[in-house]
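See below for the structure under consideration.
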Amino acid sequence: MHTPDAVLAARELLCNLTPLKTDCGRLCAGACCQGDEETGMLLFPGEDALYSACTFARVIPADFSLGGTKAQLFVCSGTCERENRPLACRLFPLFLKFKEDGSTKLRMDVRAKAVCPLTDYGIRALDSEFKQAARKAYDLLLEDETCAAYLRELDEAFSL
Ligand code: SF4
Ligand code: SF4
């Protein structure tokens, strides 16, 4: 599958932005990058095509699908070429929540609670430029049918 334009555009929007204006990794020694061989970030639909020759991570197929797209995990070595980090890393610790009326809202990712000290302060503590770019990135993804279905089922998976 080729990488959808929406995924490329969303990645670009968040290329140079981070949750805080300062380096939040100094608060936690970069906790969200300290995974292990079993831990990975979920790639967005078609994003795996960007990593066929990646030298700092492996893409591992997961044993589940989201919105009809087979999920793929990105398992890195704990450092990366920043301009090549996956979209999930660029959006972290934000998550897109679907409301009953079909509208959506940015939330802190429940999966971030165990690792990210920013979750203690809530979404209001995050840099507004970062939040605006994330909102715009999600809006672009929602315009893409495959990505929208993926995001919806991801939210459902974490709402059970
Ligand atoms: S865990 Fe949270 S505070 Fe630490 S580097 Fe990641 S986003 Fe920043
Ligand atoms: S790809 Fe980069 S930003 Fe993402 S978890 Fe690995 S080191 Fe951290």
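Whatever order the structure lists them in is the order used to number ligands and atoms, beginning at 1.
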State, to 0.1 Å, how close P4 and P45 come at their nearest heavy-atom pair, and which atoms those are.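 Residues P4 and P45, closest heavy atoms: CD-O, 3.0 Å.
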
Is C33 close enough that one of its N/O/S atoms sits under 2.8 Å from atom 4 (Fe) of ligand 2? no

Please check if atom [atom1] in [X] has more than 12 non-hydrogen atoms from other residues, nucleotides or ligands closer than 6.0 Å.
X: E145; atom1: CD; result: no
X: E12; atom1: CD; result: no
X: K70; atom1: NZ; result: yes

Would a distance-only check, ignoring hydrogens and angles, find a side-chain to backbone donor-acceptor pair under 3.5 Å from D155 to K97?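 No, the answer is negative, given that no donor and acceptor are paired below the 3.5 Å cut-off.
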
Hey, does the side chain of R107 reach the backbone of L96 with a donor-acceptor pair shorter than 3.5 angstrom?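 Checking the backbone N and O of L96 against the side chain of R107, no donor-acceptor pair under 3.5 Å is found.
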
Under 4.0 Å from any heavy atom of [X], which atoms of ligand 2 are there?
X: T79; answer: 7 (S)
X: G78; answer: 7 (S)
X: F74; answer: 1 (S)
X: P86; answer: 1 (S)

To the nearest 0.1 Å, how far is atom 2 (Fe) of ligand 2 from its closest protein heavy atom, and which atom is that? C80 SG, 2.4 Å

Can you report which non-hydrogen protein atom sits closest to atom 4 (Fe) of ligand 2, along with the distance?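 It is C89 SG, 2.3 Å.
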
With sequence neighbours left out, which residue pairs that include part of residues 70-94 fulfil the ring-ring contact (aromatic ring centres under 6.0 Å, His included) condition?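 Pairs touching residues 70-94 that pass the test: Y51-F74, F56-F74.
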
Sidechain N-carboxylate O distance under 4.0 Å for D127, K131: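 Looking at K131 together with D127, the answer is no, because their closest N to O distance does not fall below 4.0 Å.
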
Does ligand 2 have an atom under 4.0 Å from some heavy atom of A57?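 Outside the 4.0 Å threshold, so no.
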
Donor + acceptor pair across side chains of R58, S77 (<3.5 Å): no

For C76, which part has a heavy atom under 4.0 Å from ligand 2: side chain, backbone, both, or neither?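 Answer for C76: side chain.
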
Excluding waters, which protein N, O or S atoms are within less than 2.8 Å of atom 8 (Fe) of ligand 1? C24 SG

Look at the aromatic rings of F44 and Y150 and report parallel, tilted or perpendicular, splitting at 30° and 60°.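 Rings of F44 and Y150: tilted, 30 to 60°.
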
